[in-house]
Structures are given as structure tokens and as C-alpha cells.
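Atom set for the values below is all heavy atoms of this structure, side chains included, hydrogens, waters and symmetry mates excluded.
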Amino acid sequence: VQLVESGGGGAQAGASLRLSCAASGHTFNRYGVAWFRQAPGKEREFVAAFRSTGSTAYYADSVKGRFTISRDNTKNTMYLQMNSLKPEDTAVYFCAADTSPFAILSSIRSASSYDYWGQGTLVTVSS
């Protein structure tokens, strides 16, 4: 599956942005999907995810209550709605996908669990 992110850009603290990730090449609903981010000089970190089955979303504590992950399998697209943005949200955001069922739930938060990645989109939040 090929993944392409869009929707990044600059925003003031407190503002909102919505990222999109369009998938092509395979049936999207077979995949668990996630958003990760990587700030300059830091490791890639988990943001939010869905497994391929079920509707439960999983979030990093740092974004819980501010960010919402969603997916539209009819459009082969996933989204990340980011509200109440903070300067510390500044990073390159990546979408990721994998056919793993993530039977070990903790693995859903690990970047190494995902085989497919987008190229990333930069989000810059100014204070």
C-alpha cells in the first residue's frame, strides 16, 4: 500500500489543523493504521492508531483529548484532527499502516510494527 499525507503547515498555538493520509494499492480496511511524529533531534513517537478491526482508537497521553484519529474506508483515507495545538506539537507527522492484527496491543504504539509509511508532512506551531 502507498500512503500520502497532506494538510500540514503552520498554525498558531491554540489553533486546529487536519491531516489526511490517502492510501492506494490495497484494500485499506485490512490495515491497522497509525500516526507518528518526529520532532527535530528526537525519535519518532506514537500519536494515535486504529487496529484493522474494531473502532477503538488509541492515543499518546500527550495528545489525548486534543487529537482525534479517524478513517474512511470508502475513501481509503485516514485523518488526524488536531485541536488546541501547542508549540511542542511541532514535528513531521507520518501515517503508517500494517496488516498485523496487533494481537499484542502494546505493539500498536511501536514504529517498528508498521511496514508501510508515508513521506511525512510538517506541522509547525508557533506561540
Side-chain angles (χ1 to χ4, degrees):
V1 65
Q2 292 79 44
L3 304 174
V4 179
E5 302 96 337
S6 61
Q12 294 285 325
S16 299
L17 283 175
R18 189 177 80 156
L19 306 183
S20 299
C21 175
S24 61
H26 288 84
T27 305
F28 193 48
N29 61 8
R30 296 175 52 237
Y31 291 80
V33 294
W35 289 96
F36 287 78
R37 66 186 182 186
Q38 188 165 16
K42 295 188 177 181
E43 293 186 356
R44 194 167 298 190
E45 66 172 358
F46 171 78
V47 175
F50 274 124
R51 289 193 287 188
S52 58
T53 57
S55 59
T56 301
Y58 302 89
Y59 295 96
D61 288 344
S62 58
V63 306
K64 197 173 296 182
R66 300 188 298 121
F67 290 10
T68 302
I69 186 174
S70 61
R71 64 190 299 173
D72 186 340
N73 290 332
T74 64
K75 297 181 179 179
N76 270 12
T77 302
M78 59 184 278
Y79 305 96
L80 185 68
Q81 178 66 42
M82 305 186 295
N83 298 331
S84 302
L85 283 163
K86 303 176 180 180
E88 51 263 44
D89 294 320
T90 295
V92 177
Y93 283 73
F94 299 88
C95 61
D98 200 87
T99 55
S100 169
F102 295 107
I104 301 175
L105 191 55
S106 59
S107 64
I108 204 171
R109 299 173 181 267
S110 173
S112 63
S113 299
Y114 296 85
D115 283 341
Y116 304 100
W117 291 86
Q119 82 288 351
T121 186
L122 177 62
V123 172
T124 304
V125 183
S126 57
S127 57

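Ion pairing between a basic and an acidic side chain is recognised when a charged N comes within 4.0 Å of a carboxylate O; Lys86 and Asp89 show no such pairing.
Heavy-atom minimum distance, Arg30 versus Ser52: O-CB, 3.6 Å. What you find for Leu85 and Ala11 is that their closest heavy atoms are CD1-CB, 4.0 Å. Heavy atoms only, all atoms of each residue included: Val4 and Gln119 are closest at CA-OE1, 3.7 Å. The two residues Asn29 and Arg71 come nearest to each other via the heavy atoms CA-NH2, 3.7 Å. When every heavy atom of Val33 is checked against every heavy atom of Ala97, the shortest pair comes out as CG1-CB, 4.2 Å. When all heavy atoms are compared, the tightest approach of Tyr59 to Lys64 is O-CE, 4.0 Å.
Grouping the Ile, Leu, Val, Met, Phe, Trp and Tyr side chains by contacts below 4.5 angstrom, directly or via other members, places Phe50 with Trp35. Using a 4.5 Å cut-off between side-chain heavy atoms of Ile, Leu, Val, Met, Phe, Trp and Tyr, with links allowed through other members, Leu3 and Phe36 fall into different hydrophobic clusters. One hydrophobic cluster holds both Phe67 and Met78 under the rule that ILVMFWY side chains link at heavy-atom gaps under 4.5 Å. Clustering ILVMFWY residues whenever any of their side-chain heavy atoms sit less than 4.5 angstrom apart, transitively, puts Phe46 in a cluster other than the one holding Val63.
Side chain of Thr77 to main chain of Ala22: no donor-acceptor pair is present (N/O by atom type, distance under 3.5 Å, no hydrogens or angles). Between the Asp98 side chain and the Asp115 main chain, a donor and an acceptor come within less than 3.5 Å of each other. Between the side chain of Ser113 and the main chain of Ser107, a donor-acceptor pair closer than 3.5 Å is present.
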Set out, in order, the CA-CA distance, both residues' side-chain angles and the distance that settles side chain to side chain contact (heavy atoms under 4.5 Å, CB included) for Lys75 and Ser20, then state yes or no. CA-CA 11 Å; Lys75 297 181 179 179; Ser20 299; over 6 Å; no
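A distance of 5.0 Å separates OH in Tyr31 from OH in Tyr116, rounded to the nearest 0.5 Å. Here the OG1-CG distance, from Thr121 to Leu80, works out to 11.0 Å after rounding to the nearest 0.5 Å. If you take CD1 on Ile69 and CD on Gln81, they are separated by 12.5 Å, rounding to the nearest 0.5 Å. Rounded to the nearest 0.5 angstrom, Arg44 CZ and Ser110 OG are separated by 11.5 Å.
Aromatic pair Tyr114/Phe102: centroids less than 6.0 angstrom apart.
Ring orientation note: the planes of Phe94 and Trp117 are nearly perpendicular, at an angle over 60° on the 30°/60° scale.
Of the listed residues (Glu5, Arg37, Gln38), just one forms a side-chain hydrogen bond (donor to acceptor under 3.5 Å, both in side chains) with Tyr93, and that residue is Arg37.
Side-chain contact check for Arg51 versus Thr56: every heavy-atom pair is 4.5 Å or farther apart.
Other residues, nucleotides and ligands place no more than 12 heavy atoms under 6.0 Å from the CD1 atom of Ile104.
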